[in-house]
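Have a look at the structure below, then the notes.
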Amino acid sequence: MPELPEVETTRRGIEPYVVGSTVEAINVRQARLRNVVPIRSLKRALLGTSIQSVIRRGKYLLLSSVNGHLLIHLGMSGSLRILPKGTPAQKHDHVDIVFDNHYLLRFTDPRKFGVVDWVTGNPDEHSLLTHLGPEPLTGSFSGQLLFERSRKRSVAVKQFIMDSHIVVGVGNIYANEALFKAGINPLRQAGRISLKRYEKLSQAIKDTLIEAIKVGGTTLRDFTNSDGQPGYFKQSLLVYGRAGQSCRKCRYRLSEVRLSGRSSVYCPRCQK
DNA sequence: ATGCGGACCTGTTAGC
DNA sequence: TGCTAACAGGTCCGCA
């Protein structure tokens with residue numbers, strides 16, 4: 001479900017409730033998530049400590065206390081919500097972090113592709129984080145980087161920019177959108193794109209993500225922020241979900257192909 | 001190393 | 001209306 005803008009929206013939503021609050025209880029209903037450390041082991045470390053910060057790394061969130069970091073990934077269908085204490089749990093509500101204020105943080109994930117893990121030491125060395133590429137909204141991400149890392153790569157450029165080892169946070173929706181804005185065909189081989197075009201693409205990725213964050217992300221079916229509100233970027237989508245409809249630039253019919261199982265929509269006229 | 005397909009799960013929707 | 005297949009915002013793993 002969530003790409004970088006949705007995770008960042010979630011981060012901003014939970015931060016004011018969580019930072020400075022002490023963990024009073026942890027309720028685990030479903031421990032079988034995509035974890036490295038058994039989820040139950042986080043209890044001992046986190047109970048009675050307070051959360052000092054909520055930072056995002058790619059699509060991961062890190063809630064840090066003096067003892068270590070709670071690492072959360074929302075997978076394809078996960079969400080985090082702030083709810084009043086005592087709110088009854090529903091079917092896919094797997095973990096609650098209960099605070100000493102009036103609230104709890106609830107992790108929900110029907111498909112269980114998400115992660116709720118515990119990290120001690122430097123989180124950058126955690127196996128899920130250590131090989132991640134740069135953050136797209138920082139200066140360490142650029143057209144130059146995409147150009148250099150794509151040389152001799154034959155993969156389609158869309159798969160290339162969705163590879164978290166290259167750059168983090170770009171999922172299927174925003175990959176489609178950024179490629180359209182940059183005028184690049186998603187099927188083009190990554191190694192056969194010029195530096196100039198990669199500079200346009202890196203800027204398109206930044207612009208798309210920033211715009212989406214501004215309006216609270218994209219809600220297709222069930223994404224909500226931590227208050228239960230949807231995001232409004234869906235109205236701004238130029239190609240994703242619009243196969244067969246007309247291009248917003250040239251009116252030509254948008255095409256759809258599947259790239260490693262992911263739907264890829266593009267304009268055959270505007271994207272070369 | 002790179003590229004590809006399958007695996008992990010459940011819910012919703014499209015099609016017969 | 002009901003059944004089945006395909007699809008969905010992600011990522012890791014094993015194999016060639």
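Only heavy atoms go into these numbers, but all of them, side chains included; no hydrogens, no water, no symmetry mates. Chain A is the first sequence line, chain B the second, and so forth, proteins listed ahead of strands; every chain is numbered from 1.
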Closest to the A/Leu128 side chain: C/dG10, C/dC12, B/dC9?
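Looking only at heavy atoms from C-beta outward on A/Leu128, the closest nucleotide is C/dC12.
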Does A/Val155 or A/Arg221 map to a spot on DNA chain B nearer the 5' end, using the closest nucleotide for each?
A/Val155
Distance in angstrom units between A/Leu129 CG and C/dC12 P, rounded:
10 Å
What integer distance in Å separates A/Leu33:CG from C/dT11:C1'?
14 Å
Return no unless some side-chain N or O of [X] is found under 4.0 Å from OP1 or OP2 of [N].
X        : N      : value
A/His73  : C/dG10 : no
A/Ser154 : B/dG3  : yes
A/Ser263 : C/dA8  : yes
A/Arg153 : B/dG3  : yes
A/His165 : B/dA1  : no
A/Arg262 : C/dG10 : yes
A/Lys91  : B/dT10 : no
A/Arg32  : B/dC9  : yes
A/Lys112 : B/dC8  : no
A/Arg149 : B/dA1  : no

Test: A/Asp96 and A/Lys85 ion pair at under 4.0 Å
no
Parallel, tilted or perpendicular, judged at 30° and 60°: which one describes the rings of A/Tyr17 and A/Tyr103?
perpendicular
Quote, to the nearest angstrom, the [atom1] distance that separates [N] from [M].
N      : M      : atom1 : result
B/dT12 : C/dT11 : P     : 23 Å
C/dC12 : B/dG11 : C1'   : 23 Å
B/dC9  : C/dT4  : P     : 22 Å

Determine yes or no for a side-chain-to-main-chain donor-acceptor pair under 3.5 angstrom, with A/Glu177 supplying the side chain and A/Tyr240 the backbone.
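The answer is yes, because a donor-acceptor pair under 3.5 Å joins these two groups.
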Evaluate whether atom CZ of A/Arg29 has more than 12 neighbouring non-hydrogen atoms of other residues, nucleotides or ligands under 6.0 angstrom away.
yes
Check for me, please, whether A/Phe180 and A/Tyr266 land in the same ILVMFWY cluster - side-chain distances under 4.5 Å, paths through other members count.
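No, no single cluster joins them.
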Under 4.0 Å between any heavy atoms, over every strand shown, what does A/Thr219 touch: base, sugar-phosphate, or nothing? Just pick one.
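The residue A/Thr219 makes base contact.
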